[in-house]
Structures are given as structure tokens and as C-alpha cells.
There are 2 protein chains.
Amino acid sequence: MVAAATRQQIVEAADRLFYERGFEATSFADIAGTVGLSRGNFYYHFKTKDELLDAVITHRLLETRSMLDGWEAKAEAPDERILSFINLLIVNQTKIMAHGCPVGTLCGELAKLDHIAKSRAAELFDLFRHWLSRQFSAFGREAEADALAMHILMRSQGVATLAAAYRDEIFVRNEVENMRAWLAAQRPGTPVFPETDSRQHS
Amino acid sequence: MVAAATRQQIVEAADRLFYERGFEATSFADIAGTVGLSRGNFYYHFKTKDELLDAVITHRLLETRSMLDGWEAKAEAPDERILSFINLLIVNQTKIMAHGCPVGTLCGELAKLDHIAKSRAAELFDLFRHWLSRQFSAFGREAEADALAMHILMRSQGVATLAAAYRDEIFVRNEVENMRAWLAAQRPGTPVFPETDSRQHS
DNA sequence: GTCTATACGAAGATAGAC
DNA sequence: GTCTATCTTCGTATAGAC
């Protein structure tokens, strides 16, 4: 096996296991076992666990960028693009109910460990934040674009956390519907009454 | 030292360290060092780490119940009581920006570890959920009380996660303000327009 | 590039003296 | 009830053969 290919396999296995079990709880032996490598050979590719974590974060950053590019290519309208973000909670529902949001849980774990890579993991949030912010600007909400981006990011994090705690599909569907309604109400010039009701529905 | 007092000291130290560093990352040596005990003596009080975790969760459940009772005693009006919950994000802002929400992060970690105590930790969420639900019922929103409770719980989790990732006080204040506005809009009979605007403000 | 063998330290847990 | 000493397991990391 070519080194680059093996390395890639390791990164992808680590990516999955870090998400499913957490960074600290995943051992080199777990990853080596998944890939079908010996523990010894592992160190030919990654000298330390932190180096591997860095590669995993880089991998996630690339994948995230590619996903955001895909959403941009798929729709011209900024609100349709933002809907792609909201729909991620549905698309990844099963995984999220089992393991939470990959970004939120990694950042949370690294914060508690006071890990050097904490700020790099937060770049994953930044990717979403700034992409969303650009969409809200294009939506005609330049002045509040960043706050709106943070708001919807906040909601997706809250939904993911409670989805994992309760494994409740109906809750997820409800909140996704609330997010869609909220988004519709953000359109400039939309009459606030009576179509958009800030009152929550069950 | 009386056994019960030492035990209580251990539980409180573990409670703090589990919150600050996480359950797995906290060793018996850390806790013993904090309390000023030898590692050996530790096992006189708790035979396993899981037993200690159980005691910590029990302790948190008691403290949470007592806090909720306090909020009920302090205000008759259900919306004022719910405001106490929202204000928790401000009262505990410093800790939350450093370590996230104690409930959300513990549930998240135990979920990844697939730990037996996961469901017990989720009882902490249940305490808030059902208390909030009762307040929304008293507020005149019986039919949607549980969904409203989940919604505000979701928001507080999302705010806590992003607060820890960005350590941004202004974001927290903004979102707390949004939560208050949302709550005001939940009062039955409140005109939706023009006072309550579902549009987000920066 | 991959393997086996092994060093080293950390952490959970136990035994037995005081 | 608290201590010291010790056992065991596991996980990171290294050395060196193939």
C-alpha cells in the first residue's frame, strides 16, 4: 500500500472514531484495528496522537468547505442555501441522535482537555459561521448578518445536543420546522403579521 | 474526619473536576489531591469510578431540584420563573464560556463513552424540561408546554456550546435578549404585531 | 512500509499496616 | 479512616527485524 493511501485510511478511520467515541477515548489500537494495521506501523504515518488529530481536523475542514461549495452550487438564492444548512439536521439525523454534532462535541471535548488544537477545531465553526453570514448578507440583512449566522448555528447546536440526549425524532423535526419558519421571517420586507408568527407551535 | 463529611468533600471535588475537565480526563489522583487524601484511602469511600459518578449525578440532581424550588419560591408568575432559567446563562456566564453547560457536556461525554450512567445524567435534563413544561402550562400554553420547554432548553444548550467555543460575551447577551423577547411573545393573547417581532435583531 | 517486541508511564484498583 | 506499597491493565511511543 502506498503511504499516502494508508495515511488517508488512518485519517478517515480516526475521523469516524473520534466522532463516535470521542478523541481521548479512541486509542491508536482502535484505529489500527479498524484500518487493519499493526500499532507499530502506525507511527510510521503519525508520530503522535496530536499530529493525527491535526490531520483529522484538516480533513474535516476540507470536507466542510467542499460541502458548503456544493450548497452554493446547488442554489443561487441565499435562503435556499441556508435551508441546506438547516436540512443537515435531517440528513444526518441518525448520526446526530447517536453522537451529537461532530463540530460541537469535538470543540467541547478539546476545550475541557485544554488542548492545543481547540482553536483549530473552532475553525470548523468559523467555516459555517462565515458562510452563513455571507448568505444572510446576500439575503439583504448585511447589518445583522453575523448575529443571524450565530443564531442559526446556535440553534443547530442546541438541537444536536438535545437530539443526542433524548434521541427524539419528533423533537428534531419540530425544531427544524421552527428554524425554517424563523428563516422565512428574516426576509427583509416580509410582513411580520399575520404570516410570520413569532409564537412557537408544538 | 467523619466518613460522611469526607465523602461529601470527594463528591464536591469530583463534581467540579468532572465539569471542568470531563469525566474520563479526571483521575482519582486529581480528586484525591484536591481533597487532600491519599489515593488508597479513596477506595474506602468509593469502590469504583462509576460509583463516584453516580454519587456526583445524584448530588447534581439534588442541587438542581433545590435551585428550581428556589426559582419557584422567588416568583409566582410562570414567565418570571422561566426568566430565572434564561438568566442562568448570565449568572453562570464565566463558567459556561470556560466549560460549557454542565448537563449538556456530561450527557454528551457519557453518550460517546456509551456509559451506563448516560440515562441517569439525562435525568438532569428531565428536571429542567418538566419544570419548564409546568411553567408553560401555568402560562396558559398547556397544549404546547413540552415543546416550548424543549425549545428553550435547546436554545440554552446552543448558547452554551457556542459560548464555550467563542468565549464571546456579546453573543451570550444577544441571545439571552432574544430568548427574553421570544418568551414575551409566548404569552397567550399577546398581539403578534407590532410589539413582538419574530425578526431577529443584532 | 509493515511487522513483532518492548519500554514507559498513567490510572484504576487491592492489600495490609497503623 | 487513613496511610504506603503494590498489582494490573492499558495506551502512547520506540527499536529494530523483515
Side-chain angles (χ1 to χ4, degrees), chain A residues 1-57 59 106 109-110 112-118 120-121, chain B residues 1-57 59 106 109-110 112-118 120-121:
Chain A
M1 172 93 62
V2 179
T6 306
R7 190 190 148 95
Q8 187 63 13
Q9 274 192 303
I10 291 172
V11 169
E12 280 166 16
D15 186 10
R16 213 193 74 227
L17 290 171
F18 286 176
Y19 175 38
E20 291 176 0
R21 309 183 188 175
F23 168 67
E24 257 218 310
T26 302
S27 70
F28 278 6
D30 292 333
I31 302 166
T34 300
V35 180
L37 280 180
S38 72
R39 262 176 306 161
N41 186 17
F42 207 97
Y43 290 83
Y44 174 80
H45 300 280
F46 293 99
K47 279 183 269 299
T48 68
K49 203 180 181 185
D50 288 356
E51 199 178 310
L52 173 58
L53 174 60
D54 208 63
V56 167
I57 294 174
H59 181 245
L106 180 63
E109 183 176 1
L110 296 183
K112 297 230 181 202
L113 297 176
D114 208 16
H115 196 286
I116 328 172
K118 178 193 182 298
R120 274 214 85 212
Chain B
M1 174 94 60
V2 179
T6 305
R7 192 190 147 95
Q8 187 63 13
Q9 274 191 300
I10 291 172
V11 169
E12 282 166 15
D15 185 10
R16 214 195 73 225
L17 290 171
F18 286 176
Y19 174 39
E20 292 176 359
R21 309 183 188 176
F23 169 66
E24 257 216 311
T26 302
S27 70
F28 278 6
D30 292 333
I31 303 165
T34 299
V35 179
L37 279 180
S38 72
R39 263 176 307 162
N41 185 17
F42 206 97
Y43 290 84
Y44 174 80
H45 300 279
F46 293 99
K47 279 184 269 300
T48 68
K49 202 180 179 183
D50 288 357
E51 200 179 308
L52 173 58
L53 174 60
D54 209 64
V56 167
I57 294 174
H59 180 245
L106 181 64
E109 183 177 0
L110 296 182
K112 296 231 179 201
L113 297 175
D114 209 16
H115 196 285
I116 328 172
K118 179 193 180 298
R120 275 214 82 212

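Here is how names work: the chains are called A, B, and so on, in the same order as the sequence lines, proteins then strands, and each is numbered from 1.
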Distance, rounded to the nearest Å, where B/Arg39 contributes CZ and D/dT4 contributes P: 10 Å

Calculate the interatomic distance between B/Ile10 atom CD1 and D/dG1 atom P; express it in whole Å. 12 Å

Spacing of A/Phe28 atom CZ relative to C/dC3 atom C1', expressed in whole Å: 17 Å

Starting from C1' on C/dG12, measure out to CZ on B/Phe23 and report it in whole angstrom. 11 Å

Which pairs would a plain distance check flag for residues 12-25 of chain B, meaning a side-chain donor or acceptor within less than 3.5 Å of a matching protein atom at least two apart in sequence or in another chain?
residue, atom, partner, partner atom, Å
B/Glu12, OE2, B/Gln8, NE2, 2.9
B/Asp15, OD1, B/Arg60, NE, 2.7
B/Asp15, OD1, B/Arg60, NH2, 3.1
B/Asp15, OD2, B/His59, ND1, 3.4
B/Arg16, NE, B/Glu20, OE2, 3.3
B/Tyr19, OH, B/Lys95, O, 3.2
B/Tyr19, OH, B/Gly100, O, 2.6
B/Arg21, NH1, B/Asp30, OD2, 3.2

Is B/Ile31 close to B/Leu52 at the side-chain level, that is, under 4.5 Å between some pair of heavy atoms? yes

Residues in residues 40-50 of chain A with a heavy atom under 4.0 Å of DNA chain C, by number, are A/Gly40, A/Asn41, A/Tyr44, A/His45

Nearest heavy-atom contact between B/Leu53 and B/His115 is CD2-CE1, 3.5 Å

Could you tell me how far apart B/Ile31 (CD1) and C/dG12 (C1') are, to the nearest whole angstrom? 12 Å

Validation row: B/Phe46, B/Val11 side chains within 4.5 angstrom (heavy atoms): yes

CG of B/Leu37 versus C1' of D/dT4: gap in Å, rounded? 14 Å

Less than 4.5 Å apart, any side-chain heavy atom of A/Leu113 and any of A/Lys118? no

Would one find a side-chain N or O of A/Thr6 under 4.0 angstrom from OP1 or OP2 of C/dT2? yes

Applying a 4.0 Å non-hydrogen cut-off, can you work out what A/Ser38 is touching in the nucleic acid: base, sugar-phosphate, or nothing? base

Is the shortest heavy-atom distance from the side chain of A/Val56 to the side chain of A/Leu106 under 4.5 Å? no

